[in-house]
There are 2 protein chains.
Amino acid sequence: MKLSTKGRYAVTAMMDLAIHDRDGPVTLADISSCQGISLSYLEQLFARLRQSGLVEGVRGPGGGYRLGKPSNQISVADIISAVDETIDNTRCKGNLDCNKGERCLTHHLWNDLSERLYDFLNDITLSEFIKDPEVRKISQRQDSTASRIATMFPPRSIAS
Amino acid sequence: MKLSTKGRYAVTAMMDLAIHDRDGPVTLADISSCQGISLSYLEQLFARLRQSGLVEGVRGPGGGYRLGKPSNQISVADIISAVDETIDNTRCKGNLDCNKGERCLTHHLWNDLSERLYDFLNDITLSEFIKDPEVRKISQRQDSTASRIATMFPPRSIAS
DNA sequence: TAATAACCTAGTAAATTAGTATGTAATTAT
DNA sequence: ATAATTACATACTAATTTACTAGGTTATTA
């Protein structure tokens, strides 16, 4: 389990999709301008997210990306795993057989820790975030008064 | 909170110190040969660990490094924070004021998540690892084995 | 038919990680 | 005292990863 800004980009982008799940697909151009990440880089990240079934793309005008599963079935660990190819570069490759035992103990301990971390992040799903009262507020207002919000927050063009 | 192999190196090295805390200081040369990390790189990592008070160095023959605090006062989060300078490169720098509110919501959510992750790793201290039955076993017969292992597994092509 | 936006690939710039080289300073053992 | 050992320090380089740029193609909608 690795955790870098790359993973964060993916997670925040997925949060974005989760928040606007009801409003139709979200374009990468949108996320790009709003979160300040290059479009092409986002495309690369989303290629991986799509391969993992976490998102699905909709082509053409009015298209974009939407979640590939219900938000309660997408964990933070899923997202990070999808974009960060976690290269295990311990000497023993998880077989715990390097250095004839003793020294590899630390790898064993690290594996334990890593697993606990994974479990922790695997328990946190996107659905948790849309429960946030602040998110609900914004997400709901977009349902009813989409156009007004659109002028209030120009970066995002809300799909109609 | 960032989590890279650099952080892992630091954590496993600290685990090593914790395991052998009673046997006197552990040399970086030892950790270097055993964990396959270059000596100089370890020195750089330990410079940071020392600055954070997580370890203290003992010079001269028979010297090395030992824990700077009791193992139950050193958390995984402490170690990772010491070596990974966590540059916050969200646009809003944690002030949650970028993109006029709405869009920054994801940063807010990420901050929440990041905080939870920190708390999680901050609750795991080195003392936990030495409780591991396997570790206890090896830790006890350690004094004699250290030098033997050094000759059994000489450094590969690591700096002199 | 034109615009949109996903989808795809190759190349490059920037940043970080990891390692090399070469010291000095403190301490211990001979 | 002297030599060996080990921390401590700095500058530089190699390797890897991250992020971006630039050029496409396909599918879909208006």
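These values consider heavy atoms only, across backbone and side chains, with no hydrogens, waters or symmetry-generated copies. Each chain gets a letter, A, B and so on, in the order the sequences are listed, and its residues count up from 1.
Residues from residues 57-65 of chain B placing a heavy atom under 4.0 Å of any atom in DNA chain D, listed by number, are B:Gly57, B:Val58, B:Arg59, B:Gly60, B:Pro61, B:Gly62, B:Gly63, B:Gly64, B:Tyr65.
Taking CG from A:Leu113 and CZ from B:Phe129, the interatomic distance works out to 4.5 Å, rounded to the nearest 0.5 Å. To the nearest 0.5 angstrom, B:Ile130 atom CD1 is 8.0 Å from B:Arg22 atom CZ. The distance from atom OG1 of A:Thr106 to atom CD1 of B:Ile19, rounded to the nearest 0.5 Å, is 6.5 Å.
D:dC8 atom C1' lies 13 Å from atom CZ of B:Phe46, rounded to whole Å. The OH atom of B:Tyr41 sits 19 Å away from the P atom of D:dT13 (whole-angstrom rounding). Following rounding to the nearest Å, B:Lys6 (NZ) and D:dT17 (P) show an atom-to-atom distance of 15 Å. The interatomic distance linking B:Leu3 (CG) with C:dT17 (P) rounds to 11 Å, in whole Å. Note: CD (A:Glu43) to P (D:dA19) measures 16 Å, nearest angstrom. Taking atom CD1 of residue B:Ile37 and atom P of nucleotide C:dG19, one finds them 8 Å apart after rounding to whole Å. Between the CG atom of B:Leu39 and the P atom of C:dT22 there is a distance of 15 Å, rounded to whole Å. Rounded to an integer number of Å, the gap from B:Asp84 CG to D:dT17 P is 16 Å.
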Discussion item. Would B:Arg66 and B:Glu56 count as a salt bridge (charged side-chain N to carboxylate O under 4.0 Å, His left out) here? Give the steps.
Written reply: CA-CA 6 Å; B:Arg66 62 164 70 103; B:Glu56 47 184 43; 3.7 Å; yes
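Between B:Ser4 and C:dT16 there is no side-chain polar atom (N or O) within less than 4.0 angstrom of OP1 or OP2. Using a 4.0 Å cut-off, no side-chain N or O of B:Arg50 falls inside it from OP1 or OP2 of D:dA7. Between D:dT18 and B:Lys2, no contact under 4.0 Å exists linking OP1 or OP2 to a side-chain N or O.
Taking only distance into account, the side chain of A:Gln44 never meets the base of C:dC8 through a donor-acceptor pair shorter than 3.5 Å. Below the 3.5 angstrom threshold, one finds a donor paired with an acceptor across the side chain of B:Ser40 and the base of C:dA21.
Salt bridge present: A:Glu128 and B:Arg116 bring a charged side-chain N and a carboxylate O closer than 4.0 Å.
With hydrogens and angles ignored, the 3.5 Å screen pairs a side-chain donor or acceptor of B:Thr12 with a backbone N or O of B:Arg8. A:Ser32 places a side-chain N or O within 3.5 Å of a backbone atom of A:Ile37 that can act as its donor or acceptor partner.
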